[in-house]
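Reading through the structure tokens given below for one structure.
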Amino acid sequence: MHSDTIAAIATAPGLGGIGIIRISGPDAEPILRKIFRPTGGVCPDRVESHRLMYGTVRDGEKILDECMAVLMRAPRSYTREDVAELQLHGGGYVLSRAMELCLQCGARLAEPGEFTRRAFLNGRIDLSRAEAVMQMISARGEQEHLAAVRQLEGGAAAFVRKAADDLYQLQAGLAACIDYPEEVSDEEGTQALRPGIEELIRTLQGAVDERTSRLLQDGLQVALIGQPNVGKSSLLNALLGEEKAIVTHIPGTTRDLVQGEMILNGVRVVLTDTAGLRETEDPVERIGVQRSEKAYENADLAILILDGSEPLRREDETLLRQLRPNSLVAVNKSDLPLQISADTIRGIRPDLSCLVVSARDEKTLQPLKDRIRAQAEISDRVAVTQPRHADAIRRAVAHLRDALRTLDVLTPDMAAVDLQAAQRALGEITGDQVDEKLLDAVFSRFCVGK
Ligand SMILES: Nc1nc2c(ncn2[C@@H]2O[C@H](COP(=O)(O)OP(=O)(O)OP(=O)(O)O)[C@@H](O)[C@H]2O)c(=O)[nH]1
Ligand SMILES: [Mg+2]
């Protein structure tokens with residue numbers, strides 16, 4: 001338990017109907033009693049727990065705001081400490097003045113994620129669940145939300161604990177072999193250990209999927225590429241439903257990358273409009289073209305846009321031939337008489353899907369959106385979705401592989417060190433094995449007040 005009391009505005013900055021101040025620690029109740037006065041009386045010496053009270057927050061005798069207040073006495077609270085919450089009106093001045101009052105009464109301004117950090121340190125949730133809280137807050141679509149729910153329900157923790165248990169069994173077997181050499185020979189010990197380690201490696205590898213982690217973390221990255229003037233920026237705007245990028249009839253309008261996000265059937269998609277790919281003397285445009293090429297390399301999905309109202313140019317054909325597999329081709333400007341057909345494209349690249357669209361006709365964009373969405377499918381069998389967890393699993397697997405190599409050349413007792421290292425890596429996920437640095441890294445990504 002911590003000896004100091006922390007406070008923070010828990011609601012987002014800006015105007016809102018309600019703004020919440022949260023206080024956690026041994027002085028939560030005394031601070032509440034000092035600044036809050038229930039209607040028609042004074043705060044009782046011992047505030048009733050988990051009961052919402054109506055009254056005013058006072059700055060001395062002056063009324064600052066009317067509010068609702070609640071005390072949640074330890075251990076039945078978010079942090080397992082005494083927690084007080086004030087629900088004030090959500091104006092900037094009221095909230096910051098009420099915060100000042102809390103600080104004057106002895107609270108300290110909470111660090112980002114410090115409430116959840118306390119919930120973890122006080123044993124209410126494991127580290128993977130603490131991270132799920134932030135995953136939940138930052139979820140920008142159904143897919144990310146579902147992953148957060150699974151983690152909050154302990155999906156990752158349960159998987160990791162089971163793997164850690166299996167590893168303990170292996171370690172115990174190894175210890176028996178080391179401690180009772182007359183009963184278990186080195187060879188027998190090694191024979192028994194090897195299949196168990198191999199099985200564990202397979203299980204751990206099956207639970208992580210880099211693509212899934214990245215999709216959940218960053219959304220599906222889609223690059224719109226093509227020659228100048230084919231309608232890349234127009235398509236970006238039409239897909240996003242906003243005028244994000246400048247559109248003109250002048251080739252070379254877009255110089256820099258323009259990005260926009262959208263949610264397609266619950267999946268976050270990040271679209272990047274790029275400068276038209278062409279040879280140019282203009283140094284600014286040249287840098288733009290280099291950036292386009294980089295965006296193409298980094299994208300999960302590239303869409304080559306062609307101007308369907310013009311015959312296919314040689315440059316287009318070159319781009320088409322170079323396009324990596326699983327890209328899409330969109331023949332744009334289908335509201336005009338078409339000079340390129342999907343069959344022409346299929347004749348050159350039969351492996352690619354080709355869609356005929358018009359940035360000026362919303363209806364034609366639905367099949368394109370469906371194709372983009374289809375690229376973002378992830379398996380819900382993947383237990384470990386957070387990059388930090390995936391990294392720890394990969395390190396655990398590396399240590400287990402070391403253990404197998406050690407068993408090949410050395411005595412079983414030498415493999416014990418590798419198994420311990422693997423156990424430590426797994427422990428980092430649930431927080432069974434943590435140091436301050438790791439906690440700082442995890443909680444610094446939180447917002448203040450959570
Ligand atoms: N008729 C018709 N015109 C379109 C369509 N899409 C784009 N245009 C026009 O084509 C011209 C170029 O459009 P942009 O969206 O700026 O093309 P871009 O590919 O971004 O061009 P750069 O930024 O120069 O590489 C503009 O005059 C658009 O209005 C379409 O579907 N139909
Ligand atoms: Mg453009």
Side-chain angles (χ1 to χ4, degrees), residues 221-262 264 269-299 301-324 327-345 348-349 352-372:
Q221 304 291 318
V222 179
L224 305 176
I225 59 162
Q227 299 272 319
N229 234 30
V230 295
K232 299 179 296 299
S233 302
S234 305
L235 277 170
L236 175 92
N237 292 345
L239 287 167
L240 294 177
E242 62 176 305
E243 296 304 304
K244 191 114 197 172
I246 300 171
V247 169
T248 74
H249 64 282
I250 305 160
T253 300
T254 307
R255 300 293 188 96
D256 211 340
L257 304 180
V258 181
Q259 278 196 337
E261 268 190 31
M262 62 177 177
L264 274 186
V269 174
V270 181
L271 291 174
T272 303
D273 175 26
T274 63
L277 298 165
R278 67 169 170 182
E279 299 286 329
T280 169
E281 291 302 307
D282 180 338
V284 180
E285 198 179 349
R286 206 149 13 142
I287 295 171
V289 171
Q290 283 163 3
R291 292 193 176 182
S292 304
E293 285 160 358
K294 195 136 214 116
Y296 168 68
E297 281 162 25
N298 293 337
L301 169 67
I303 306 181
L304 175 68
I305 321 279
L306 303 170
D307 182 345
S309 70
E310 308 256 333
L312 194 68
R313 279 170 289 188
R314 202 145 36 86
E315 293 88 336
D316 282 326
E317 203 176 318
T318 311
L319 280 176
L320 194 54
R321 288 191 193 283
Q322 289 169 347
L323 210 56
R324 63 171 182 244
S327 301
L328 292 181
V329 182
V331 176
N332 188 31
K333 309 198 186 180
S334 64
D335 50 301
L336 302 173
L338 280 182
Q339 311 237 27
I340 303 174
S341 72
D343 284 343
T344 319
I345 305 304
I348 301 168
R349 283 294 296 265
L352 299 181
S353 294
C354 175
L355 295 146
V356 177
V357 299
S358 163
R360 299 200 176 160
D361 182 358
E362 173 87 39
K363 280 197 309 294
T364 65
L365 300 180
Q366 195 52 48
L368 181 59
K369 288 183 185 173
D370 293 343
R371 280 297 162 84
I372 296 175

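In each ligand, atom 1 is the first atom listed, and ligand 1 is the first ligand listed. Every heavy atom of this structure was used, including side-chain atoms; hydrogens, water molecules and symmetry mates were not. Keep in mind that what you see is a predicted model, and the values were worked out from it rather than measured.
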Distance check, rounded to the nearest 0.5 Å: Arg313 atom CZ versus Asp307 atom CG?
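Between atom CZ of Arg313 and atom CG of Asp307 there are 6.5 Å.
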Within this structure, what is the CG-CG distance for the pair Asn332 and Leu224, rounded to the nearest 0.5 Å?
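Interatomic distance, Asn332 CG to Leu224 CG, rounded to 0.5 Å: 10.5 Å.
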Quick one: nearest non-hydrogen protein atom to [atom], plus distance?
atom                    : value
atom 1 (N) of ligand 1  : Asp335 OD2, 2.8 Å
atom 24 (O) of ligand 1 : Gly252 N, 2.7 Å
atom 18 (P) of ligand 1 : Lys232 N, 3.5 Å
atom 29 (O) of ligand 1 : Arg360 NH2, 2.9 Å

Under-4.0 Å heavy-atom contact with ligand 1, by part of [X] that carries it:
X      : value
Val247 : both
Thr248 : backbone
Ser234 : both
Val230 : both

Within 6.0 angstrom of [X] [atom1], more than 12 heavy atoms from elsewhere:
X      : atom1 : value
Gln366 : CD    : yes
Arg314 : CZ    : no
Leu336 : CG    : yes

Out of all atoms in ligand 1, which are within 4.0 Å of some heavy atom of [X]? Include the element for each.
X      : answer
Pro251 : 24 (O)
Leu336 : 1 (N)
Ser358 : 31 (O)
Gly276 : 25 (O)

Would you say [X] and ligand 1 have an N/O pair spaced under 3.5 Å apart?
X      : result
Ser334 : no
Ala359 : yes
Thr253 : yes
Gly231 : yes
Ala275 : no

[Y] side chain reached by [X] side chain, heavy atoms, under 4.5 Å:
X      : Y      : value
Leu304 : Tyr296 : no
Ile225 : Leu323 : yes
Ile287 : Arg291 : yes
Leu239 : Val269 : no
Pro251 : Arg278 : yes
Asp361 : Ser334 : no
Leu271 : Leu235 : no
Lys333 : Glu310 : no

Any Ile250 heavy atom less than 4.0 Å to ligand 1:
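For ligand 1, residue contact (heavy atoms, under 4.0 Å) with Ile250 is present.
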N/O/S from Thr254 sitting under 2.8 Å away from the Mg ion (ligand 2):
yes
N, O or S from Ser233 under 2.8 Å to the Mg ion (ligand 2)
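It does; at least one qualifying atom falls short of 2.8 Å.
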For atom 22 (P) of ligand 1, which candidate among Ile305, Asn332, Asp361, Asn229 provides the closest heavy atom?
Asn229
Hey, looking at atom 30 (C) of ligand 1, which of Gln227, His249, Glu285, Lys333 has the closest heavy atom?
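Shortest heavy-atom distance from atom 30 (C) of ligand 1: Lys333.
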